[in-house]
Structure formats: C-alpha cells, structure tokens
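Report on the structure given below.
Note on naming: letters A, B, ... go to the chains in the order of the sequence lines (proteins, then strands), and numbering restarts at 1 for each one.
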Amino acid sequence: MIISIMTNLEIATLLRKIAAAYQILEENRFKIIAYDRAADSIEHLTSETKDLWDNGKLDEIPGVGSGIAHYLDELFRTGKVKHFDDVMKRVPKGVFPLLSVPGLGPKKAHKLVTELRLKGAKDVVGALDAAAKAGKIAPIEGFGEKSQEDIISAIATYKRGQIKENRMELPVADAIAQEIMAHLKKHSAVVRVDALGSLRRKVSTVGDIDIAAATKKPEEVTLHFLDYPHQKLVEQGPGGATILLKNGRQVDLRVQRPDAYGAMLQYFTGSKHHNIKLRSYGLTKRKSLSEHGIKEVKTGSMRYFHTEEAFYKELGLPWIAPEMREDKGEIEAAQAGKLPKLVETQDIKGDLHIHTNYDLESSHDLGVDSLADHLTKAAELDYEYIGLSDHNPSITNHTENQIIDIMKRRKAKYEQLYSSWVKKVSRKCQMFVMCEVDILPDGKLALPEKAFEFVDAVIVSIHSSFTQDKKHMTDRIVRAVGAHPKVRILGHPTGRLLLKREGVNADWAAVFAACKKHDVALEINAYPSRLDLPDDLVFDALREGLRFCIDTDAHAVGQMEMMKYGVSVSRRGWATKGDIVNALGYNEFKDWLLKI
DNA sequence: GCCGTTTTCGGCCCGACTGTTTTCAGTCG
C-alpha cells in the first residue's frame with residue numbers, strides 16, 4: 001500500500017475538518033476545541049509530525065493527547081483514519097470549502113449547503129454566490145437580506161484573498177507605524193503610544209497596523225488621528241478608529257484611559273495563544289482576565305492596571321517581552337522565574353555580512369558604497385569590528401588561478417584602504433576580510449582551496465538550486481559547513497524570501513548538528529525580505545546549543561541600520577546576548593572567528 | 001479530547017460584534 005506522507009498543514013487541515021464536523025454534529029464543545037487546538041499546534045510545529053511519529057514523540061506535541069495520537073498513528077501506518085472517515089461521512093462534503101469564506105462557520109455553512117442542496121455542486125463557493133445573487137438565502141431561517149449581501153461581499157473578498165495575501169514585511173509596517181505614532185504624540189493629551197499585535201511582537205510579516213494610545217481625552221485624540229492623511233475612514237467609535245492609508249494599508253487606533261491602559265495593551269498585543277494560556281493560568285488563581293482588567297471570580301470586583309507590568313504582577317508573574325508571547329513555554333518560564341534576558345540591539349558589536357562596491361567580478365550583486373563608508377558607519381553604530389563579505393568571484397567566468405589572483409588583490413586593496421581610513425578617523429573599528437561563498441548544488445564551495453589563504457573567514461550560503469529534495473539539500477548544507485576550517489557562518493540558512501519564496505527543504509536537526517560539530521554559527525540575516533534563520537528555527541537551534549551571528553547583509557551603508565530586525569528575530573527565538581557570537585567584544589570574537 | 005501549583009476528575013479564555021432575534025447563536029480575534 002502506498003502511504004502518502006502528509007505535511008503538517010495537511011494534518012492540521014484534516015483535524016480542523018473533524019472539529020467542524022463535530023460542531024455540526026453537536027458534539028461536546030470541548031472536544032471541538034481540543035481538535036482545533038491540536039490543529040493549531042501541529043500547523044506551527046517546526047518539525048514534521050511524521051518525523052515525531054517515527055521517533056515515538058507524538059506525545060510531545062501540545063494539545064495532542066492519547067486519543068488524537070492514536071488516530072495519527074493509524075494515519076501514518078495505514079494512510080487513513082477510519083474514525084475520521086466515519087465522522088466526515090455524516091456531514092455533506094460541500095460544507096468544508098465554505099469554511100474559508102469569511103463569516104461562515106460550520107453551522108452556517110451546513111445550513112446553507114443543506115437548505116440550498118449544494119451537496120453535489122463541484123464549485124460550492126460559486127454555487128453559493130449564485131444562490132445569494134438569486135435571492136435564495138434571505139428566506140432561509142436564521143438568515144436575512146443583510147446576511148445575503150454579506151455573503152456576496154464575503155465571497156468577493158475570499159476570491160481576492162485567493163490571489164494575494166496582503167501582508168507586509170516587518171520594517172515596512174514599522175516605518176508606517178513610527179510615522180503615525182509620531183503624529184499621535186504631537187497631541188498634548190496623549191500620554192503614551194504603542195504598537196500592538198504582530199507588529200509589537202515583531203513577527204516577520206504584518207497584516208494590519210494596530211496602534212494604542214493612552215489618554216484621558218479619547219474623542220479628541222481619535223479626531224487628531226483622523227488628521228493623519230488617509231484615503232478612507234473605515235470605522236469610528238468610542239474606542240478609536242480605523243483608516244485606510246493612501247497606500248492601501250489599514251491602520252487601527254485604540255484609545256484607552258491611562259489607568260486601564262495596561263490590560264488593553266496586553267490583550268491587543270496577543271498572541272491569541274499566549275492570551276488563552278494566560279487566561280487559563282489566571283483562572284487557576286480565581287482571576288478572570290480581559291482587555292478591561294482582572295476580575296476576582298469570587299467577588300466579581302474588577303481591578304484596572306496602568307501598565308502591563310502591573311497586569312502580569314497581579315498574576316504573580318514578571319513582565320514577558322512581547323516577542324516571546326507565542327505560547328512556547330514563556331508563561332511556564334515566567335512562573336519558574338526562568339525567563340531569559342533577551343539580546344538587545346546595543347549588545348551587537350559588529351556586522352559580519354557587508355557587501356561593498358569593490359568589483360571582484362562576482363557572480364552576484366555588489367554593494368553600492370565604499371569600504372571607508374561602511375567603516376565610518378560601523379564606527380557610528382559603536383561597532384568594534386565589521387566583516388567584508390562580498391560574493392565570491394564568479395566561477396563560470398574565471399579560471400581557478402584567476403579567482404585566486406582576484407582574492408589576493410582584493411585582500412591587499414582592502415588592507416590598504418583600511419589603513420588609509422584609520423589614519424583619517426579618531427574612532428577605530430576593526431576589519432575582517434571575509435567572503436560570502438556560494439554553496440554549489442553538490443555541497444562544494446565556489447572558492448578554490450588556495451583562495452582561502454586571502455580571507456580571515458567565510459560565510460557559506462545557498463544562492464542556486466533551491467528546490468532540491470530534502471535529502472540532497474541536507475547533505476549539501478552539511479557538506480558545505482564542514483568543507484573548510486575557515487567556514488564560520490552559515491548565511492541566510494533557509495534562503496526564504498518573505499512573501500515570495502519558501503525556504504529550502506532540509507532536515508534542520510541534521511544541519512544544526514553539523515554546524516554544532518564544526519562550531520559554525522547560524523546567521524540571522526536581518527535583511528527585511530529574509531529574516532533568516534526564521535524565529536521558530538532559532539528557537540529550535542538554541543535548544544540544540546547552537547550560536548548565531550546577526551548580520552544585515554547590507555548592500556548599502558543605510559542598510560546597516562536594519563540590525564534591529566535581526567535582533568527581533570533572535571529575541572523571538574529567545575536568544576540571549578551569550579547566544580550571539582557578534583555580541584562578543586573584538587578580542588573574543590576574533591578568537592572565535594579565527595579559531596584561536 | 002486534553003490536562004494538572006486546587007485537580008487523574010471536572011473543568012476547559014473572554015468579550016465584541018452582527019444579524020436575527022424578543023433572549024440568542026454564530027463567528028471572530
């Protein structure tokens with residue numbers, strides 16, 4: 001029998017279908033929640049469920065207990081689950097596609113499919129659209145004219161959503177938010193402003209921009225917010241307003257009086273899973289949490305909080321950094337007093353991945369600024385050292401000897417440029433001559449052995465053949481990190497481009513083991529469209545004892561400012577200063593880089 | 001179906017919003 005290997009997303013989708021079916025079948029509602037929770041949990045795993053099953057570790061998945069584990073076991077052994085099939089049979093098939101339409105849940109979808117007899121329809125969403133436009137929904141019990149219109153517009157939204165997901169890279173959202181927050185702060189009644197949601201948690205991509213303001217004059221501040229240039233006022237109420245900017249981005253403002261600001265900030269920062277866990281934890285202390293404050297279950301009396309610190313303190317917990325609020329064990333760590341002290345941007349002492357405009361006839365793009373400009377910028381940023389990591393000379397256009405010669409001349413040129421720069425400035429910054437070397441499809445490096453003489457160390461990265469299968473890709477990377485003693489950093493390890501390209505498919509545990517063996521640091525590339533290693537893999541790698549190098553991959557002086565986004569990724573992975581090699585001072589870092 | 005700083009039994013996050021309803025069910029974040 002051929003057993004297809006289901007991905008985490010496919011398993012999560014299957015569990016959600018079971019949850020939806022149970023909801024229609026009026027099963028115990030906590031059983032439904034359990035299935036949804038297991039689905040969420042599996043969707044966000046960094047390892048494949050199948051691999052965990054292989055190793056007998058299904059019980060390590062939060063929300064998966066003996067029941068669901070038993071069914072997953074059957075799924076992996078036989079390719080299907082009899083019990084799931086039986087449950088699904090009791091619900092018309094057409095229900096499931098409708099669940100993707102905003103506003104339609106299991107109950108409504110079921111009602112519509114049954115009443116409109118959409119069972120056999122090939123394109124259920126299309127058939128529903130047609131029925132709505134023909135006025136067949138309004139007469140159904142529980143629906144009306146308004147819901148009929150809503151369904152038509154929801155289907156339009158759904159179809160648009162199929163084409164393109166409207167998220168933006170973190171720095172884009174950050175820039176927009178900073179500007180609006182600066183605008184808000186100009187109003188004298190504004191006591192405090194903060195970003196909310198995924199933006200505050202520094203998730204690598206952000207949907208809507210949510211901003212909070214503390215004020216005793218909510219109406220005035222909301223009106224001031226509406227002075228900010230926008231194309232459309234979407235919504236306005238006592239709690240704030242929503243506008244659509246000229247660039248099409250949606251911005252929500254929430255206003256709250258200062259003495260109750262803490263609970264609001266906490267609630268709207270999320271994540272949803274963090275909040276759910278926190279509220280469960282609150283209930284064990286007979287405290288009911290909401291965006292308004294904390295209520296004593298016994299007496300019903302409500303307490304309000306100026307700050308998040310006070311809110312968490314009421315629960316007997318220290319404040320938890322927003323980047324950690326993903327229900328990855330942070331609440332348990334807080335209870336145990338074991339929250340890590342996360343790395344901060346000012347801990348960073350150097351940037352090791354910088355491309356200058358020196359033309360070494362490389363296969364990939366050069367930077368636009370000079371070595372001296374980058375050094376000056378580094379000194380400005382208080383860095384003790386930088387690494388020049390231009391791409392290797394192209395191997396198709398040069399012979400080995402030509403490459404060696406280019407690298408030799410480059411080293412001499414950089415040293416000469418460096419000494420003339422040092423003479424001109426009061427503030428020093430040390431330099432390492434490095435190189436970003438391509439990992440070829442077979443795992444060999446695109447720099448001849450003899451050329452390594454002319455570099456202090458190299459970053460190895462994948463820039464081609466991104467779609468190799470898992471085994472080849474894993475072997476390729478493992479081979480590359482051990483290919484030469486001067487390989488010290490694995491550059492943008494997954495190769496993903498946010499919103500554009502998935503990362504490569506590799507066995508990360510094996511890659512991490514190889515990096516650990518050769519003491520190679522994983523890069524956390526701060527370039528906005530990369531943010532690679534992704535935060536969830538940083539979290540995993542950290543548990544394997546790996547260290548990281550946060551770099552900007554700057555191709556222009558200004559881009560060296562992007563370091564903070566790499567730091568955000570590290571913080572989301574729970575990294576401390578001690579986990580980051582370029583948080584070391586010059587001497588220690590040099591010893592590490594040169595393996596002294 | 002899951003889970004444990006009150007528990008291996010008896011709980012399970014909370015509130016807003018919406019549309020359809022005279023008191024609530026469904027959906028969402």
[X] [atom1] - [N] [atom2] separation (whole Å):
X        : N      : atom1 : atom2 : result
A:Ile61  : B:dC3  : CD1   : P     : 11 Å
A:Glu235 : B:dG29 : CD    : P     : 13 Å
A:Asn275 : B:dC14 : CG    : P     : 11 Å
A:Leu58  : B:dC2  : CG    : C1'   : 15 Å
A:Glu149 : B:dT20 : CD    : P     : 10 Å

Task: Test side chain to side chain donor-acceptor pair (under 3.5 Å) applied to A:Glu326 and A:Arg201, A:His273, A:His44, A:Lys277, the passing residue - done: A:Arg201
At under 4.0 Å between heavy atoms, what does [X] touch on the DNA or RNA strands: base, sugar-phosphate, or nothing?
X        : value
A:Glu291 : sugar-phosphate
A:Ile276 : base
A:Glu145 : sugar-phosphate
A:Tyr281 : nothing
A:Ile32  : nothing

- [ ] Take A:Ser271 and A:Arg325 through the test side-chain hydrogen bond (donor to acceptor under 3.5 Å, both in side chains) and record every step on the way to the result.
- [x] CA-CA 6 Å; A:Ser271 70; A:Arg325 299 184 198 167; over 6 Å; no
Open item on the list: Between B:dT22 and B:dG11, how many Å separate the two P atoms, rounded to a whole number?
Closed with: 32 Å
Open item on the list: Is it the case that B:dG29 (base atoms only) and A:Tyr267 (side chain only) share a donor and an acceptor within less than 3.5 Å, ignoring hydrogens and angles?
Closed with: yes
Task: Counterpart residues, side chain to side chain contact (heavy atoms under 4.5 Å, CB included), relative to A:Asn275 (two or more places apart) - done: A:Gln266, A:Tyr267
TODO: Please identify each residue that fulfils side-chain hydrogen bond (donor to acceptor under 3.5 Å, both in side chains) with A:Glu291, with sequence neighbours left out.
DONE: none
TODO: Please list, chain by chain and in numerical order, all residues satisfying side-chain hydrogen bond (donor to acceptor under 3.5 Å, both in side chains) with A:Tyr35, sequence neighbours excluded.
DONE: none
Task: Residues within residues 200-221 of chain A bordering DNA chain B, heavy-atom distance below 4.0 Å - done: none
Open item on the list: Below 4.0 angstrom, which residues in residues 325-336 of chain A have at least one non-hydrogen atom near DNA chain B?
Closed with: none
Tabulate atom names and distances for all N/O pairs under 3.5 angstrom spanning the protein and nucleotides 7-10 of chain B.
none

